[in-house]
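Beneath this line is the structure, given in structure tokens, with notes to follow.
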Amino acid sequence: MIDNIPKNVLEVNSISKDFLNVKAVNNISFNVEQGDIFAFLGPNGAGKTTTLRILLDIIKADSGKIQWNLNGKSNQLPEASHIGYLPEERGLYLDIPILKSLIYLASIRGMDKKDAKKSALEWLEKIDLADRANEKLQVLSKGNQQKIQFVASILHQPTFLILDEPFSGLDPLNQEIFIDFIKEINNQGTTILLSAHQMPLVEKIAKKVFLINNGMELYNGSLSSIYQTFGKKHIIELQFESDVNEFTLRNLSGIESVNIIDDFRVKLTFEQLTDMKSVLNQLVKVEGISDITSYKPDLHEIFLQLIKNA
């Protein structure tokens, strides 16, 4: 009988890490299953990068346990050939030609140099940098350097890929292109753990999310479950022809918060059980409304809600 139950390829149990008087990671636990795109989300300084460095044994946890189960082997840290890592800080050789650097980095992770060159040229074509293969990394823009560093992390076709802030330095167009790359690599069988703070981007690719703030877990589970659990509030955005009448809006039934976007736009959040038909009847009587848009909370709004309630 074929076992179709997903297997944990990474198990993290109660890890903590202090730096001086700062608790960077505070007793967090999570599992990553084979084939996941698991997103580690939170603001800068939340503990994301510290956690990833602990997983890779770059720094040691003060307490807790990490178990890897890649390619049928259980150990504390897999072989370098099985892991791909895109660090938050750029760490490539700035004064070596790009293609030469990529081939070298793939070869020390166990890839044949001939295969590495072929794959590197293919990826340079994908990221529109094939014509710059023999230039040095230092002459590229920050966005193009990020592209090269991404290629360096996946060229050897790792079983497990860790991406720390993969969208850093990229413009909106290239962010979308990177989303497609991440999906493609995942579809080819690579399990992905990524850290980011751009939640609207992560919503497009993640299967599971771990929300972290001040080193502590806020949520750990599937993306669909977080919407079902915390995404049931009602949000309405109003466009006014003149200045927003904030006082009137704060007296609407079921109102939880009124957020002024600008002089003519406002976002209203209503409690989950609010009778929205009654609210709309009240809004009809408010002068100056030129447009109404209704939607459910996104991941960023849920995250802010969880911080508020923590």
_Reference residue Phe181; test side-chain contact (heavy atoms from CB on, under 4.5 Å); the match among Val151, Asn186, Ile127_ =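 Of all the options given, the one that passes is Ile127.
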*Can you run down the salt bridge (charged side-chain N to carboxylate O under 4.0 Å, His left out) pairs that involve residues 274-298, sequence neighbours left out, and say none if there aren't any?*
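Pairs touching residues 274-298 that pass the test: none.
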*Which ring pair (Phe, Tyr, Trp, His ring centres under 6.0 Å) pairs, counting each pair once, include a residue from residues 29-67, with sequence neighbours left out?*
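Sorted result for residues 29-67: Phe30-Phe38, Phe30-Phe40, Phe30-Phe210, Phe40-Phe210.
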*Among pairs that include at least one residue of residues 242-294, which meet ring pair (Phe, Tyr, Trp, His ring centres under 6.0 Å), considering only residues two or more places apart or in two chains?*
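Counting only pairs at least two positions apart or across chains, no ring pair (Phe, Tyr, Trp, His ring centres under 6.0 Å) contact touches residues 242-294.
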Indicate yes or no: at least one non-hydrogen side-chain atom of [X] is less than 4.5 angstrom from one of [Y].
X      : Y      : value
Leu249 : Val266 : yes
Leu193 : Leu161 : no
Asn69  : Leu10  : no

Taking only Lys NZ, Arg NE, NH1 and NH2, and the carboxylate oxygens of Asp or Glu, determine whether [X] and [Y] approach each other closer than 4.0 Å.
X      : Y      : answer
Lys207 : Glu33  : no
Arg265 : Glu237 : yes
Glu122 : Lys118 : yes

*List in chain and number order the residues that pass ring pair (Phe, Tyr, Trp, His ring centres under 6.0 Å) with Tyr85, two or more places apart in sequence or in another chain; answer none if no residue qualifies.*
none
_Run the ring pair (Phe, Tyr, Trp, His ring centres under 6.0 Å) test against Phe160 and tell me which residues pass, sequence neighbours left out._
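Counting only residues at least two positions away or on another chain, Phe160 forms a ring pair (Phe, Tyr, Trp, His ring centres under 6.0 Å) with Trp68.
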*Are more than 12 heavy atoms from other residues, nucleotides or ligands located less than 6.0 Å from atom CG of Asp115?*
yes
*Quick check: does any side chain N or O of Ser16 sit under 3.5 Å from a backbone N or O of Asn27, one acting as donor and the other as acceptor?*
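Judged by distance alone, yes, a pair lies under 3.5 Å.
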*asked:* Does Lys136 form a salt bridge (Lys or Arg N to Asp or Glu O under 4.0 Å) with Asp95? I'd like the steps, not just the answer.
replied: CA-CA 5 Å; Lys136 295 180 180 179; Asp95 57 350; over 6 Å; no
*asked:* Filter on side-chain hydrogen bond (donor to acceptor under 3.5 Å, both in side chains), then keep only pairs touching residues 155-178, sequence neighbours left out; what's left?
replied: Thr49-Asp164, Asn71-Thr159, Lys147-Asn174, Asp164-Ser195, Glu165-His197, Asp171-Asn174, Glu176-Lys204
*Does the side chain to side chain contact (heavy atoms under 4.5 Å, CB included) test come out yes or no for Thr50 and Lys48, once each step is laid out?*
CA-CA 5 Å; Thr50 298; Lys48 304 186 303 298; over 6 Å; no
